[in-house]
Amino acid sequence: MTKGYSEQTAGAKLCIDLASDWGKECISDLNISENVILMDYGAADGGTASEFWENIINNIHEKNQSTEITLIGNDLYSNDNQALINNLSIQSTNNELVKTFLCAGSFYDQLVPSGFIDFGFSATAMHWLNKKVENLNDHTHVLASNNQTARSDFLKQALYDWNQILDIRSQELKIGGKFLTVNLSRDNENRYLGNNGGKTVNVHDEIHAIWKELLEENIITETEYQKGTIQNFYKSPEEFISPLINKDSAAYKKGLRLIKERTVYVDCPYKKKWKVNQNTEEFSIGLMETIRSWSRHSFISALDKNNHANLNPVDILFNRLTKRISNDPENWSLDYVEHHLMMEKV
Ligand SMILES: C[S@@+](CC[C@H](N)C(=O)[O-])C[C@H]1O[C@@H](n2cnc3c(N)ncnc32)[C@H](O)[C@@H]1O
């Protein structure tokens, strides 16, 4: 049976937990009235943020115990939104002052009325490109490749998307409202999820090496090899804050301002566990499953379905990945580099 999102991504919850202090700060600066509207953008099954929202709700009620709170969970229509409703309702069950709602749709669209949100939050959801960039033909991830043309095209699209996300959020926020983002990022030493600066292998180089093996063994075609591209981009701190300091950006013009930003690091929880229990089978499967949870669709969508009646190259890819990890566990780890950004609408 396939595991749910929260079970597959132990690291994502740790990243959210590290933002709890800034969540609390956002609430302490808010003008808390009779009603407060909260929104979680790109929440997946909502399980990783359950504790975060419980704390936020407590923070609000510490300021005003009769405030009525609305918590809206958002994700795409294709998400497991039943699981999201279940996890959201943990906050409203047995608490008459809290109501929970699901808002299915893309955060590239305006999702709620203008001037509606008091506190918006999003974790590990805003690194996927909104439009495919097609020219990365010699690697599966642009940041691990040496392809400067593709890198510049990915960056351009990523900044276009980020400007759009912030523009729409500034439209949705009330004046005085806060928006806190926790996003996968690239630090000043070019470290990012999958590249911890050489402490262990670059996960993206390994994925690419296997994908190339499949081409060399004629399991996939040249076209499928080239189409196998993970369509995301991990932005630097400067790239994240750029729409907030550029006075000509749409978000800035609508009043969205930078309060503060920081980069945080989360060591691979699977590796941490392996160091204690030395259970290599559990480690290699757990690590492969978390990598597969965010990369599988990129490879599935690269395949020409007519070519693969009997064999599924994507299954082979992840089987080989598990083997590589289990043959050399010491040399594998998936460490997170996350950027925290606190914003306010003035
Ligand atoms: C890695 S999960 C993060 C989930 C959760 N926020 C966490 O930190 O554990 C990313 C989620 O973002 C959602 N997502 C991606 N693009 C989105 C979009 N344009 N609009 C809404 N949700 C989106 C995905 O469906 C996925 O559930």
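If you're wondering where the values come from, they're calculated on a predicted model, not measured in any experiment. As the structure lists them, so they are numbered: ligands from 1, and atoms in each ligand from 1.
- At a threshold of 4.0 Å, the pair Asp118-Lys174 counts as salt-bridged, since one of the basic side-chain nitrogens sits closer than that to a carboxylate oxygen.
- Residue Asn79 comes nearest to Ala44 through the heavy atom pair ND2-O, 3.0 Å, listed as atom of the first residue, atom of the second, then distance.
- Between Phe318 and Phe299, the ring-plane angle classifies as perpendicular under the 30° and 60° cut-offs.
- Backbone and side-chain nitrogen or oxygen atoms of Ala12 are examined, and none is located within less than 3.5 angstrom of a nitrogen or oxygen of ligand 1.
- The closest approach between Gly105 and ligand 1 falls below 4.0 Å for a heavy atom of the residue.
- Remark: minimum distance from atom 19 (N) of ligand 1 to any protein heavy atom is reached at Ser106 OG, 3.0 Å.
- Interface of Thr48 with ligand 1, defined as ligand atoms under 4.0 Å from a residue heavy atom, comprises 5 (C), 7 (C), 9 (O).
- With a heavy-atom cut-off of 4.0 Å, Val182 does not touch ligand 1 at all.
- Given atom 2 (S) of ligand 1, the protein heavy atom at minimum distance is Tyr5 OH, 3.5 Å.
- The atoms of ligand 1 that sit less than 4.0 Å from any heavy atom of Asn74 are 21 (C).
- Remark: aromatic rings of Phe121 and Phe52 are close, center separation under 6.0 Å.
- In this structure, of Phe107, Phe121, Phe52, the residue bringing a heavy atom nearest to atom 17 (C) of ligand 1 is Phe107.
- In summary, the aromatic rings of Tyr225 and His208 are positioned with their centroids under 6.0 Å apart.
- Between Ala125 and ligand 1, no pair of N/O atoms sits closer than 3.5 Å.
- Judged by a 6.0 Å distance limit and a 45° cone about the ring axis, Arg320 is not positioned over the six-membered ring of Trp211.
- In terms of protein heavy-atom proximity, atom 8 (O) of ligand 1 is nearest to Ala123 O, 3.1 Å.
- The proximity of Ala44 to ligand 1, defined as any non-hydrogen pair under 4.0 Å, involves the side chain as well as the backbone.
- Considering Asn202, Asp187, Asp335 in turn, Asn202 is the only one that fulfils the side chain to side chain donor-acceptor pair (under 3.5 Å) rule with Tyr192.
- For Asp40, no heavy-atom contact with ligand 1 is shorter than 4.0 Å.
- Using a 4.0 Å cut-off to heavy atoms of Thr124, the atoms of ligand 1 that qualify are 1 (C), 2 (S), 3 (C), 8 (O), 10 (C).
- Taking the ring centre of Trp162 as origin, the terminal cationic atom of Lys235 falls inside the region bounded by 6.0 Å and 45° from the ring axis.
- Considering both main-chain and side-chain atoms, Ile16 never comes within under 3.5 Å of ligand 1 through any nitrogen or oxygen pair.
- In terms of protein heavy-atom proximity, atom 27 (O) of ligand 1 is closest to Asp75 OD2, 2.7 Å.
- Between Gly120 and Tyr41 the shortest heavy-atom distance is CA-CE1, 4.2 Å.
- Counting the atoms of ligand 1 from 1 in the order shown, those under 4.0 Å from a heavy atom of Tyr108 are 19 (N).
- Ligand 1 lies out of reach of Trp128, whose nearest heavy atom is not under 4.0 Å from it.
- Not one N or O on the side chain of Glu224 forms a donor-acceptor pair closer than 3.5 Å with the backbone of Gln226.
- Assignment of Ala43 to the shell around ligand 1 is supported, since a heavy atom sits closer than 4.0 Å.
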Quiz item: Given Lys260 and Glu344, is the salt bridge (charged side-chain N to carboxylate O under 4.0 Å, His left out) satisfied, shown in steps?
Solution: CA-CA 10 Å; Lys260 54 185 174 178; Glu344 179 179 13; over 6 Å; no

